[in-house]
Peer 1: 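Can you keep this structure in mind? I'll have questions shortly.
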Amino acid sequence: MNIYFSCSITGGREDQHVYQRIVNYLIENGHEVPTAHLALPDVMKDEFELNAVDVYQRDMDWVRNCDALIAEVSNPSHGVGYEIAAAIFLGKYVMCCYKKDKKISKIISGNTSKNVRVFAYDSEDVLISEIENFLKELPDTN
């Protein structure tokens with residue numbers, strides 16, 4: 001499957017190791033992740049060198065072409081929220097995950113759409129297990 005991974009870039013990178021674990025899991029299990037570079041420690045340097053219009057067009061193309069979007073939303077990010085909304089509008093399957101000790105926007109936690117799952121995790125192992133379950137339950141993987 002083509003999975004769009006979304007995470008904070010300018011909103012904070014303290015969970016970069018979690019981002020990397022998610023992306024590694026997805027790739028190791030045969031999924032295409034066009035945004036895998038977002039999990040790398042030096043992504044800010046590379047992304048800030050790009051023109052904003054080019055980033056918007058690139059990312060929206062990736063959202064349009066993905067089968068599902070997985071967003072780590074522990075750190076607030078305008079871009080992540082925008083990508084989630086675009087994916088929902090396009091009818092994509094969306095998983096938003098966040099650390100249990102964090103507060104997230106009610107616009108995310110209150111979403112009851114059938115294509116959206118919001119999950120709070122207390123360990124990376126639990127997170128990976130929940131991502132695995134989310135992907136197994138998608139119609140394209142049955």
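Computed from a predicted structure; not experimentally measured.
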Peer 1: Would you give the length of the straight line joining atom CG of Leu69 to atom CD1 of Ile84, rounded to the nearest 0.5 angstrom?
Peer 2: 6.5 Å
Peer 1: Quick one: pull up CD1 in Ile70 and SG in Cys7 and give me the separation to the nearest 0.5 Å.
Peer 2: 12.0 Å
Peer 1: Holding to side-chain hydrogen bond (donor to acceptor under 3.5 Å, both in side chains), I want the full list of residues that pass it with Lys92, two or more places apart in sequence or in another chain.
Peer 2: none
Peer 1: Between the main-chain N or O of Ile107 and the side-chain N or O of Ser105, is there a donor-acceptor pair closer than 3.5 Å?
Peer 2: yes
Peer 1: For a side-chain contact (heavy atoms from CB on, under 4.5 Å) check, start with the C-alpha distance between Val80 and Ile9, then their side-chain angles and the critical distance, and finish with the verdict.
Peer 2: CA-CA 9 Å; Val80 172; Ile9 297 175; over 6 Å; no
Peer 1: To the nearest 0.5 Å, tell me how far Ser6 OG sits from Met95 CE.
Peer 2: 13.5 Å
Peer 1: Where the side chain of Ser123 meets the backbone of Val126, is there a donor-acceptor pair that is under 3.5 Å apart?
Peer 2: yes
Peer 1: Could you check if a side-chain atom of Tyr19 sits within less than 4.5 angstrom of a side-chain atom of Leu38, using non-hydrogen atoms only?
Peer 2: no
Peer 1: Evaluate the criterion salt bridge (charged side-chain N to carboxylate O under 4.0 Å, His left out) for residue pair Arg21 and Asp125; output intermediate values, then yes/no.
Peer 2: CA-CA 10 Å; Arg21 176 113 187 251; Asp125 289 339; 2.7 Å; yes
Peer 1: Ignoring hydrogens, what is the shortest heavy-atom contact between Gly91 and Asn115? Give both atom names and the distance.
Peer 2: O-ND2, 3.4 Å
Peer 1: Verify, without hydrogens or angle tests, whether Asp67 (side chain) and Asn2 (backbone) share a donor-acceptor contact under 3.5 angstrom.
Peer 2: yes
Peer 1: Nearest 0.5 Å please: distance from the NZ atom of Lys99 over to the CG atom of Asp15.
Peer 2: 3.5 Å
Peer 1: Could you tell me whether Asp61 and Arg58 have a side-chain N and a carboxylate O separated by less than 4.0 Å?
Peer 2: no
Peer 1: Can you list everything that forms a side-chain contact (heavy atoms from CB on, under 4.5 Å) with Asn133? Sequence neighbours excluded, please.
Peer 2: Arg117, Ser129, Glu130, Glu137
Peer 1: Once rounded to the nearest 0.5 Å, what's the spacing between atom CD of Gln16 and atom CG of Leu40?
Peer 2: 7.5 Å
Peer 1: Is there a side-chain contact (heavy atoms from CB on, under 4.5 Å) between Leu26 and Met1? Walk through the geometry before answering.
Peer 2: CA-CA 9 Å; Leu26 294 171; Met1 294 185 75; over 6 Å; no
Peer 1: Give a yes or no on whether the backbone of Pro34 and the side-chain of Glu32 come within a donor-acceptor separation of less than 3.5 Å.
Peer 2: no
Peer 1: Mind checking whether Tyr98 and Val118 have side chains closer than 4.5 Å, heavy atoms only?
Peer 2: yes
Peer 1: Yes or no on side-chain contact (heavy atoms from CB on, under 4.5 Å) for Trp62 and Gln57, after CA distance, side-chain angles and deciding distance?
Peer 2: CA-CA 9 Å; Trp62 284 341; Gln57 290 174 340; over 6 Å; no
Peer 1: Nearest 0.5 Å, what's the CG-CD1 distance between Leu127 and Ile22?
Peer 2: 4.5 Å
Peer 1: Please check this pair: side chain of Thr35 against backbone of Phe5, looking for a donor-acceptor N/O pair closer than 3.5 Å.
Peer 2: yes
